[in-house]
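Below is one structure, written out as structure tokens; the observations come after it.
Counting starts at 1 for both ligands and their atoms, in listed order. Along the sequence shown, residues are numbered consecutively beginning with 1.
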Amino acid sequence: MSYETEYDRSITNKEDFWRDEAQKINWFTFPETILSKDGDDLYRWYQGGKLNTSYLALDVHVENGRGDQIALIYDSPVTGVKKKYTYRELLHEVSLFAGVLKAKGVAKGDTIVIYMPMVPEAVIGMLACARIGAIHSVVFGGFAAHELAIRINDARPKLILMASGGKEMEKIIPYKTIVEAALHEAYFKPQGCIVLQRDFVPCELNAGFDYDWHELIKFSEPATYEILDAWDPLYILYTSGTTGAPKGIVRDNGGHAVALNTSMEYVYNAVPGSVYWAASDIGWVVGHSYIVYAPLIRGCTTILFEGKPIKTPDAGTFWRVIEEYKVNTFFTAPTAIRAIKKEDFDGQLFHKYDLSSLRYLFLAGERTDVATYEWVTALLQRPVIDHWWQTESGYPMLANLAGVGLIPIKPGSAGKPMFGFDIRILSAEHEYLPPHHEGAVVIKTPLPPGCLPGLWNDNDRFIKSYLSEYPGYYFSGDGGYRDEDNYIYITGRIDDVINVAGHRLSTSEMEEILAGHYAVAECAVVGCNDEMKGQLPVGFVVLKHSFDSQSEQISEELIAKVRDTIGAVASFKTVYFIERLPKTRSGKILRKIIRAIADKVPYQVPSTIEDLTVLDELKWTLSGKYD
Ligand code: COA
Ligand code: AMP
């Protein structure tokens, strides 16, 4: 297959292309229409198709003779537990838990929040929801109670699935306490919680509200799959936007199943029976797509790793897992590789392991910098493939398609468009930009199957956030450019979203938190470059005059406030107090310039700046750290 021919077909003859792809999965009823529009005039794929994602991920494989193949490997260096589930065993566990949900009155269309660490029960909970048509919303464990409360209010779950706690390296995370605080804050009240007790952090259950996971399972009747419509939602996953309120990305069943299967074939070259490992977290889209749904739909073995790239117990842990389970395809974030590089630069730990099974390393979540690319390529002596995507797309939009045949890798580029993605680089005036000119990365609509059909209960925001700025296109929020060979280079977000250690966070949300502090007159938070985490949020704060002398204490309070409100994962640890913020004459804060000064990179001063001397003040404040 030639990439160019098939890519052209996926753009000019998209319905044909996606009909062929749809034929590769097991529908109960094949769709009547491949592409159409819904009542809100938004594009939808596979109208009339009937399927069930849990059936595709489990039952199909048992029916087709893969019942005894390992479906899921749980490896937890933080607790010392390892466990394997065959497809038959996983199907049994999922059916039992689906029975628990049904017995608790959960039905098709109900929502369920899952707030759990990387344990098999979290995957079982997701697949059990999918089985009965309940819509799950997994919340990342690194988020604090307030973030959980926001998501509970928006998703309005019938139940919360949770664990008593988690382990982050040496630290115990008390999930039960966090859920209780969130329920206290949230105005929406679910009917109860199903609690997985972990022996290192047992918790008390509130009678009549909290139910023990294993006790419920003991009396459960296995539940079979519901026949769902292609357009029925499978899950909601909240992600940071440009305001304090996270966006509830909706994923439907039909397009998602087809697109993930397509991506496993063309992007990852992952054949049924192979071992696929995404070292991410189920709280992020990578975890949803490439720990849970895609590998299972494809009939691979997937790995659920409850640990970190380092310190669990050391920087050889990833290589140990690859050797132990004969991983064929490995996917992680560049920040994880940088963490390993720092601890094992010469590869002494790496060389202890036999990595002969490994074919590819895929990297995403942030741009792969050239130094990291070169270091890890030299170490692995295998293709290292940067690929670009986001929660909204659910699978890669740019990649080097291993399943079609790798093209030469250009370090710094995330490759070429995946089939179905008509990616353009536009100027602020909405004109196509020639090679090497940086602009907004947009995708001509309709987006291919699997991408978000809308936002949970908020299609106005969907249109405003993604479709209005460049009519006829979906705006990704990223900037970038193409080269003369049509490779695309993503240069970073051009909105208020930042990527910290591969975690997507909103700087405006942090600004809202700082601005709510009694001593703060005004503030800006920008994402500054960081060698390890890619970016780190840094606060620039103007204090109300009467508090000028208390900056040290206020700095601690602000850092604690962000940590308590968003969570430790925000990694907000630096505050600079300044006299004034650089602004335009109309009062707009010049965040780009603040960031450029902090990162010591060249910048252009807009003619609309209110007062140039403020830039010297800023440089002076930062000089202690940056000069
Ligand atoms: N639950 C609770 N807390 C969490 C958490 C979770 N699931 N994940 C992270 N945190 C906490 C950490 O413990 C840390 O807390 P601290 O400030 O008390 O130390 C804080 O959030 C920041 O975490 P992180 O950014 O992960 O930094 P780290 O120093 O703990 O680890 C790395 C650094 C590079 C090892 C780690 O960031 C990493 O593994 N990154 C890869 C991430 C990844 O795979 N992303 C993929 C998304 S596609
Ligand atoms: P998330 O929705 O959490 O997956 O974050 C998506 C964002 O991460 C994108 O919009 C990009 O800003 C960034 N990102 C993900 N992968 C890459 C990549 N390969 N190169 C550059 N940026 C990336």
Which atoms of ligand 1 have any heavy atom of [X] under 4.0 Å away?
X	value
G142	1 (N), 2 (C), 3 (N), 4 (C), 5 (C), 6 (C), 7 (N)
G141	1 (N), 2 (C), 6 (C)
I173	2 (C), 3 (N)

Considering non-hydrogen atoms of the protein only, which is the closest contact for [atom], and what is the distance?
atom	answer
atom 43 (C) of ligand 1	A333 CB, 3.9 Å
atom 47 (C) of ligand 1	G502 O, 3.5 Å
atom 46 (C) of ligand 1	S280 OG, 3.8 Å
atom 17 (O) of ligand 1	R563 NH1, 3.0 Å
atom 40 (N) of ligand 1	T335 CG2, 3.5 Å
atom 48 (S) of ligand 1	V286 CG2, 3.2 Å
atom 14 (C) of ligand 1	K171 NZ, 3.9 Å
atom 39 (O) of ligand 1	P309 CD, 3.0 Å

Cut-off 3.5 Å, no hydrogens considered: what does the side-chain donor-acceptor table look like for residues 392-404, sequence neighbours left out?
{"residue": "E392", "atom": "OE1", "partner": "R504", "partner atom": "NH1", "Å": "3.0"}
{"residue": "E392", "atom": "OE2", "partner": "Y466", "partner atom": "OH", "Å": "2.6"}
{"residue": "E392", "atom": "OE2", "partner": "R504", "partner atom": "NH2", "Å": "2.8"}
{"residue": "S393", "atom": "OG", "partner": "Q390", "partner atom": "N", "Å": "3.3"}
{"residue": "S393", "atom": "OG", "partner": "Q390", "partner atom": "O", "Å": "3.0"}
{"residue": "S393", "atom": "OG", "partner": "Y395", "partner atom": "O", "Å": "2.8"}
{"residue": "Y395", "atom": "OH", "partner": "P449", "partner atom": "O", "Å": "2.7"}
{"residue": "N400", "atom": "OD1", "partner": "I407", "partner atom": "N", "Å": "3.0"}
{"residue": "N400", "atom": "ND2", "partner": "I407", "partner atom": "O", "Å": "2.9"}

SB check E306 R198 (cutoff 4.0 Å): yes

N-O pairing of K410 and D485 below 4.0 Å: yes

Between [X] and [Y] (side chain of the first, backbone of the second, donor and acceptor by atom type, cut-off under 3.5 Å), is there such a pair?
X	Y	value
W375	F345	yes
R251	G450	yes
N328	V275	yes

Out of [options], whose heavy atom is nearest to [atom]?
atom	options	result
atom 42 (C) of ligand 1	G287, A279, A501	A501
atom 11 (C) of ligand 1	S571, A568, A144	A568
atom 7 (N) of ligand 1	F140, W389, Y290	F140
atom 10 (N) of ligand 1	E343, E168, E170	E168

Ligand 1 contacted by K573 (non-hydrogen, < 4.0 Å): yes

is_close_aromatic(W388, F421), centroid dist under 6.0 Å: no

Centroid-centroid distance, Y268 to H387, less than 6.0 Å: yes

Residues which pass side chain to side chain donor-acceptor pair (under 3.5 Å) with N459, listed by chain and number, not counting sequence neighbours: D40

N/O separation below 3.5 Å, V569 to ligand 1: yes

Plane angle bin for Y360 and F362 - parallel if under 30°, tilted between 30 and 60°, otherwise perpendicular: tilted

Parallel, tilted or perpendicular, as decided by the 30° and 60° cut-offs, for the rings of Y293 and H136: parallel

Test ring-ring contact (aromatic ring centres under 6.0 Å, His included) applied to Y290 and F330, W389, W277, the passing residue: W389

NE2/H436: more than 12 non-hydrogen atoms of other groups inside 6.0 Å: yes

Nearest protein heavy atom under 4.0 Å from atom 4 (C) of ligand 1, yes or no: yes

Part of H503 within contact of ligand 1 (heavy atoms, under 4.0 Å): side chain

Ligand 1-proximal atoms of K533, by part, heavy-atom distance under 4.0 Å: side chain

Sequence neighbours excluded - salt bridge (Lys or Arg N to Asp or Glu O under 4.0 Å) pairs with any residue from residues 525-537: none

Proximal protein residues to ligand 2, non-hydrogen atoms under 4.0 angstrom: V285, G365, E366, R367, D386, H387, W388, W389, Q390, T391, D478, I490, R493, N499, R504

Nearest heavy-atom neighbours spanning K352 and E323: O-OE2, 4.2 Å

Lys NZ or Arg CZ of R151 over F143 ring: under 6.0 Å, within 45°: yes

